[in-house]
Chemist: 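Have a look at this one before I ask anything.
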Number of protein chains: 2
Amino acid sequence: MIYIIGMATRCDCNQCELRTAFFNNFNEEELTVFCDRKIELPFSRGSIIISEGEEIKYFSYLKSGLVKLYRTDASGKDQIITIACPFDFVSLLGIFSETRYTYSVSALEDSVLCCIDIRHMKEIAMKNGNFSMNLMERLGAVSNKIILESLEIRKRNTHGKVAYILLKFSRDIYKDLVFDMPVSRREVAENIGMTTENVIRTLSEFRREKLIRINGREIELLKPDDLERISTYG
Amino acid sequence: MIYIIGMATRCDCNQCELRTAFFNNFNEEELTVFCDRKIELPFSRGSIIISEGEEIKYFSYLKSGLVKLYRTDASGKDQIITIACPFDFVSLLGIFSETRYTYSVSALEDSVLCCIDIRHMKEIAMKNGNFSMNLMERLGAVSNKIILESLEIRKRNTHGKVAYILLKFSRDIYKDLVFDMPVSRREVAENIGMTTENVIRTLSEFRREKLIRINGREIELLKPDDLERISTYG
DNA sequence: ACAGTGTTATGATAATTATCATTTTGTGAT
DNA sequence: ATCACAAAATGATAATTATCATAACACTGT
């Protein structure tokens with residue numbers, strides 16, 4: 001079950017900037033039918049969008065905001081699988097091979113999801129080969145990114161890991177050397193596989209070495225090239 | 001370019017045990033067309049099947065044998081992404097979103113690949129929605145498995161990691177408590193993200209504690225339940 | 001304003017893991 | 001058979017990382 005914060009609204013697809021990004025294979029009629037069944041769901045920062053184990057009812061992608069995909073193990077510890085930006089799919093490749101989610105999703109910032117009934121999505125994919133291929137390409141790219149990132153993180157030591165994720169936030173997500181960290185230090189740790197204390201410690205070291213400036217959650221990369229070197233070395 | 005060891009042969013799809021497993025959505029005509037363009041390629045143990053960066057020309061899956069998918073970084077170190085068994089796809093995720101391979105593949109055992117021209121594959125996917133969905137499901141399942149396994153390995157300590165991969169070989173690949181390790185200790189290390197020495201040391205500890213019996217590459221799991229506990233704890 | 005709670009921060013210490021050095025064993029090529 | 005080379009094995013040591021303890025700070029609800 002999806003927890004709806006606020007009103008679900010019909011998406012005006014003619015206005016939707018995502019239209020060409022995702023569904024450039026539709027003709028007018030198909031697009032109309034598609035959009036008729038599509039809804040937008042707003043979620044406020046911190047709310048849980050999907051809980052691991054619940055039934056997959058929607059295919060969804062992120063229209064605005066920022067969300068994290070994560071797993072919780074038996075002892076209650078979380079592992080962040082990836083952080084999804086606007087235009088990213090929240091539904092991963094498993095969407096068609098599984099009936100239940102193998103991960104949870106929660107909103108790091110106020111976010112809006114576009115959701116389409118999964119059965120409807122399958123129907124369209126069955127009929128429209130171009131759509132199907134487009135979807136496969138996109139889903140493949142997302143999975144690929146997650147796997148490669150996981151391998152990149154794995155081979156780094158603590159300094160390399162922290163440098164890597166700082167650069168990721170700066171380049172991929174905020175496109176700015178100054179940004180507010182959307183996640184706590186603990187969540188950073190859950191993302192890159194280290195302890196919270198060591199994330200904090202490493203950030204402090206970077207600050208002392210004047211590689212970054214820290215003001216609470218606000219972070220400025222002062223020497224991105226040096227961070228790059230640290231990230232690549234590990 | 002695919003390095004062909006031995007003769008490429010036409011696949012007799014009527015005999016092929018993989019037919020129903022993969023392509024149960026074809027009618028007779030489609031299957032005939034499909035099989036006309038499908039070839040089998042044999043590779044001997046140790047040979048490189050795909051090199052990172054080369055153009056994707058075929059969609060391929062493993063008919064028999066065992067192969068590893070891996071990446072090589074700038075310093076020449078390998079990371080094993082996954083080990084593929086018969087019935088597994090060798091073409092992953094990126095197959096439709098990339099034009100070049102982002103990983104290499106080599107044969108751990110004498111192996112036979114079934115290869116289909118990627119353009120032909122796309123054509124069929126465009127026309128046949130059922131086929132497309134089936135393919136998406138399969139690709140999704142593979143990607144999902146890789147991502148989850150990567151997360152599982154990441155959260156374990158050295159003992160947990162080694163126990164995990166021993167159980168994987170025993171259960172998932174050989175379905176026997178006694179098996180010949182298809183990979184060297186170094187490759188195990190590259191698979192689970194530790195040093196070769198620590199893999200060897202941990203195996204020796206398991207041997208001393210009578211959890212396993214080691215005879216070169218032959219390994220017998222003497223106390224799988226204890227290994228299970230070690231794997232789950234980490 | 002205040003208590004309660006979680007996050008950030010830092011230090012001391014323990015545990016884990018990697019590195020380096022060396023020996024033994026196994027394997028393939030000639 | 002034997003030479004050469006890679007793999008397996010082990011120990012000693014160094015480096016890295018986690019754990020535990022504690023404190024300051026910030027945020028939330030009353």
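Note that this is a predicted model, so its numbers are computed, not measured. Here is how names work: the chains are called A, B, and so on, in the same order as the sequence lines, proteins then strands, and each is numbered from 1. Only this structure's heavy atoms are used, side chains among them; waters, hydrogens and symmetry mates stay out.
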Chemist: When you match A:Glu197 and B:His159 each to their closest nucleotide on DNA chain C, which lands nearer the 5' end?
Modeler: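 In this pair, the answer is A:Glu197.
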
Chemist: May I ask you to evaluate whether B:Arg217 reaches the phosphate of C:dT27, defined as a side-chain N or O under 4.0 Å from OP1 or OP2?
Modeler: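 For C:dT27, OP1/OP2 do not have a side-chain N/O of B:Arg217 under 4.0 Å.
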
Chemist: Report yes or no: is there a donor-acceptor pair, N or O only, under 3.5 Å between the side chain of A:Arg201 and the base of C:dG11?
Modeler: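 When only heavy-atom distances are counted, A:Arg201 does reach the base of C:dG11 through a donor-acceptor pair under 3.5 Å.
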
Chemist: When the distance from CD of A:Glu218 to C1' of C:dT8 is rounded to whole Å, what number comes out?
Modeler: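 Whole-Å distance recorded here is 16 Å.
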
Chemist: Take B:Thr202 and B:Thr158 through the side-chain hydrogen bond (donor to acceptor under 3.5 Å, both in side chains) test and state the conclusion after the steps.
Modeler: CA-CA 7 Å; B:Thr202 305; B:Thr158 49; 4.5 Å; no

Chemist: Which is the 5'-most and which the 3'-most nucleotide of DNA chain D that has an atom under 4.0 Å from a heavy atom of chain B?
Modeler: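 Range of nucleotides within reach of chain B: D:dA7 to D:dA12.
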
Chemist: Are A:Ser204 and C:dT10 close enough that a side-chain N or O sits under 4.0 Å from OP1 or OP2?
Modeler: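 True: A:Ser204 side-chain N/O within range (under 4.0 Å) of C:dT10 OP1/OP2.
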
Chemist: If each of A:Met194 and B:Val183 is mapped to the nucleotide of DNA chain D with the nearest heavy atom, which maps nearer the 5' terminus, i.e. the 5' end?
Modeler: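 Whichever sits nearer the 5' end wins; that is B:Val183.
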
Chemist: How long is the line joining CG of A:Asp180 and P of C:dT8, in whole Å?
Modeler: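 Rounded to the whole Å, the gap is 12 Å.
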
Chemist: Could A:Arg201 and A:Glu205 be called an ion pair, given the rule that one side-chain N must be under 4.0 Å from one carboxylate O?
Modeler: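 Salt bridge absent between A:Arg201 and A:Glu205.
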
Chemist: Quick one: A:Arg186 CZ to C:dA9 P, roughly how many Å, whole number?
Modeler: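 Result: 15 Å.
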
Chemist: Mark yes or no for whether B:Ser170, through its side chain, and B:Leu166, through its backbone, hold a donor-acceptor pair below 3.5 Å.
Modeler: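 No, B:Ser170 side chain to B:Leu166 backbone: no donor-acceptor pair under 3.5 Å.
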
Chemist: Between A:Arg186 and A:Glu190, is there a side-chain N and carboxylate O pair less than 4.0 Å apart?
Modeler: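 Judged by the 4.0 Å cut-off on N to carboxylate O distance, A:Arg186 and A:Glu190 do form a salt bridge.
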
Chemist: Side-chain contact test, heavy atoms from C-beta onward, threshold under 4.5 Å: evaluate it for A:Leu177 versus A:Pro224 and give yes or no.
Modeler: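 A side-chain contact exists here, since the closest heavy-atom pair is under 4.5 Å.
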
Chemist: Check step by step if side-chain hydrogen bond (donor to acceptor under 3.5 Å, both in side chains) holds for B:Asp110 and B:Ser44.
Modeler: CA-CA 4 Å; B:Asp110 289 348; B:Ser44 62; 5.0 Å; no

Chemist: Grab the CD1-P distance between B:Ile200 and C:dT22 for me, whole Å please.
Modeler: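 It works out to 18 Å between those atoms.
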
